Participant: 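The following block contains the structure, expressed as structure tokens.
Labels below follow one simple rule: chain letters A, B, ... track the order of the sequence lines, proteins then strands, and each chain is numbered from 1. Remember, it's a predicted structure, so these values are computed and weren't measured experimentally.
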Amino acid sequence: MLRCGERRLYSYRRATLDGMMAATSATLQLTEEQLIAGCRAGDRDVLEQVYNLYGQPIFRHAFFLLGHREEADDVKQETFLRAFQHIGGFRRQCSLHTWLVRICSHLCYERIRKRRSRQEILCDPATVAQYRSLVGEAPNPLAEWNRSMTLETALYVLQHLPFASRELVVLHLIEGRDYDEIAAILGCARGTAKMRVLRATRQLKERVLALLREGG
Amino acid sequence: MPNRIACRKIAGELAAYAADRLPETARDRVDRHLALCACCRREVEDYQQALALMAGAAESRIPASRANWQMLAARMEAAQAQERGGHTARLARQRLIPSLAGAAMLALTALAVNAIWHKNITASPRPNNQKPTHPSVLSTDESFAVTTGKPFAIAPTAAQGPALYAAHIHPPSGATASVQIEYRARRAHATEWPIAKDLSVALLLDSPLTQHAGHSLARRNSRRTQVQQLLALAAGKIDVIEWNGPPRQPDTDRFLAALGAARQAQAMREPSMLRITVQATGRTLLDSQDLYLPTDERGGSWIRRTLLEQPDGDRTVETVAADFSHDNLDSFFSLQTCTPLNRHPYGDLNP
């Protein structure tokens with residue numbers, strides 16, 4: 001059971017990955033160890049803290065991979081459910097966050113594999129409608145509109161990439177992870193990760209050019 | 001003129017250069033090459049365009065997640081309760097899986113027979129005195145314990161396609177569903193879909209398996225089967241369903257009109273699109289499994305499921321949408337073409 005002081009230590013709510021990466025490694029290490037121990041003990045408070053800490057980055061990861069909010073929500077819940085159920089098998093060869101991202105990626109891949117037999121719907125009208133509503137509330141609607149259009153276009157391009165490349169683009173270009181982290185997530189060597197990222201970037205460039213040709 | 005050998009040597013570094021991730025020495029080398037090679041400069045610009053798009057996406061505000069800790073905690077509790085069930089749950093599962101598998105096999109057989117039967121009917125009309133052997137998905141699924149009861153006043157509408165009849169399914173759990181049919185047609189070469197008809201049918205479907213507490217497999221299969229039943233009803237595969245409340249004759253007519261209009265457009269080879277949305281509201285927690293609804297003879301499906309959380313908390317709404325484009329509309333209709341019955345299905349029960 002965690003003491004109050006320790007809880008306060010964990011209570012940093014870093015919604016974005018950047019914020020999380022900015023934390024000092026010592027704090028993160030200590031925190032992670034405690035978090036993992038709490039998760040293994042089934043402490044509900046700790047589980048909730050892990051969920052609150054990593055929920056948004058995991059949702060974001062799933063959202064960019066799937067391009068669909070409801071599906072990303074499903075995957076997020078499934079990721080944490082599986083992680084909490086199998087936390088005993090977590091061997092600490094990578095960080096807890098990396099492990100969660102791996103689970104999330106696998107679940108996204110399963111989803112996309114299941115989609116193949118169906119007519120893939122690339123544009124979610126509900127999601128688009130929400131971008132529009134976000135634009136309406138923004139202090140600078142024009143800039144927000146541009147951003148939402150950028151997001152729509154990016155999602156469109158991403159959905160046209162093969163899953164492996166899409167994952168790499170999301171990890172490297174959107175989430176800003178370095179090659180070491182990507183290697184840990186993919187379970188490969190750093191050089192391999194780098195090569196794959198470059199290949200995925202090339203594919204992305206081709207897709208963007210193709211899109212521009214279609215549009216113009 | 002670009003130096004091909006130099007270009008090939010530098011090509012692998014252009015992406016990293018555009019992303020400003022090259023070490024100093026390599027960067028200088030690329031800079032020197034770019035000063036001489038317009039082709040590679042264009043390549044770098046293309047990379048920068050793609051990277052800028054992704055950078056813009058990274059800075060964008062994405063929609064907020066609707067999932068929260070309370071929902072996950074409920075799922076975890078349900079999973080733990082299931083584990084605590086231990087031996088009893090395993091026994092129940094062992095009993096349930098064969099029965100569900102058997103029911104599914106029966107349902108598939110019925111669908112196959114139905115499809116063949118409809119094709120035969122289309123090819124050679126049935127004699128008037130011959131009683132129709134209209135197979136029903138529900139009646140083949142014994143696990144739902146369907147009993148036919150007093151029908152509501154939904155008379156079969158001859159020459160209009162599938163007829164909807166009534167049955168009681170016990171015990172009711174309060175699960176409801178509605179079928180919304182959006183039909184759009186346009187003239188050939190038009191770019192928009194100007195004609196939109198909102199034709200909806202409200203139904204209540206239910207299953208005793210919905211009541212089966214603490215067994216996610218049962219709930220999941222029950223839910224899936226329910227929605228399959230609903231689509232089967234829409235496709236004329238099923239003629240037994242419970243209606244809660246007053247007769248829904250107007251809705252039935254609208255539903256049939258939608259199917260008729262879509263079929264007419266299909267016959268005229270007009271570009272058309274038929275969207276069937278099934279929205280189910282139930283008390284049970286929905287599982288995150290995908291729904292695979294057979295909508296053509298090959299078993300393929302065009303189904304998208306979205307899971308929405310209702311404002312009132314414990315109820316969930318499940319939406320299944322099936323889009324049928326001009327290409328696959330044919331296969332849809334080949335499944336759902338239904339000759340209307342010439343007699344009231346419960347004539348024997350209610351003379």
Participant: Tell me, for B:Glu43 versus chain A, whether the close heavy atoms (under 4.5 Å) come from the side chain, the backbone, both or neither.
Facilitator: both
Participant: Under 30°, 30 to 60°, or over 60°: which ring-plane class applies to B:Trp69 and A:Phe84, parallel, tilted or perpendicular?
Facilitator: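 Perpendicular: the ring planes of B:Trp69 and A:Phe84 meet at over 60°.
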Participant: Does the distance from a Lys or Arg side-chain N to an Asp or Glu carboxylate O, for A:Glu48 and A:Arg44, drop under 4.0 Å?
Facilitator: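 Looking at A:Glu48 and A:Arg44, the cut-off is not met.
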Participant: For A:Leu168 versus A:Ile182, what's the shortest heavy-atom pair and its separation?
Facilitator: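 In this case the closest contact between A:Leu168 and A:Ile182 is CD2-CG2, 3.7 Å.
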Participant: Considering only heavy atoms, which portion of A:Val157 lies under 4.5 Å from any heavy atom of chain B: side chain, backbone, both, or neither?
Facilitator: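 Side chain only.
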Participant: Is it the side chain or the backbone of A:Leu158 that comes within 4.5 Å of chain B heavy atoms, both, or neither?
Facilitator: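 The side chain, not the backbone.
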Participant: Of the listed residues (A:Val75, A:Val170, A:Leu173), which shares the most heavy-atom pairs with chain B below a 4.5 Å separation?
Facilitator: A:Leu173
Participant: Answer with side chain, backbone, both or neither: which region of A:Arg199 has an atom nearer than 4.5 Å to a non-hydrogen atom of chain B?
Facilitator: neither
Participant: I'd like to know if A:Glu78 and B:Arg75 make a salt bridge, using a cut-off of under 4.0 Å between side-chain N and carboxylate O.
Facilitator: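 Between B:Arg75 and A:Glu78 there is a salt bridge, with a charged N closer than 4.0 Å to a carboxylate O.
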Participant: For a side-chain contact (heavy atoms from CB on, under 4.5 Å) check, start with the C-alpha distance between A:Asp178 and A:Glu181, then their side-chain angles and the critical distance, and finish with the verdict.
Facilitator: CA-CA 6 Å; A:Asp178 58 21; A:Glu181 269 190 285; 3.4 Å; yes
Participant: Select, from B:Ala73, B:Ala16, B:Ala67, B:Gly12, the one with the greatest count of heavy-atom pairs under 4.5 Å involving chain A.
Facilitator: B:Ala67
Participant: Side chain, backbone, both or neither: which part of A:Val169 has a heavy atom under 4.5 Å from chain B?
Facilitator: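 Just its side chain gets close to chain B.
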Participant: Looking only at side-chain N and O atoms, does B:Gln48 offer a donor or acceptor that is under 3.5 Å from a partner on B:Tyr17?
Facilitator: no
Participant: Using non-hydrogen atoms and a 4.5 Å limit, figure out which bit of A:Gln85 sits close to chain B: side chain, backbone, both or neither.
Facilitator: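 Side chain of A:Gln85 only, per the 4.5 Å heavy-atom cut-off to chain B.
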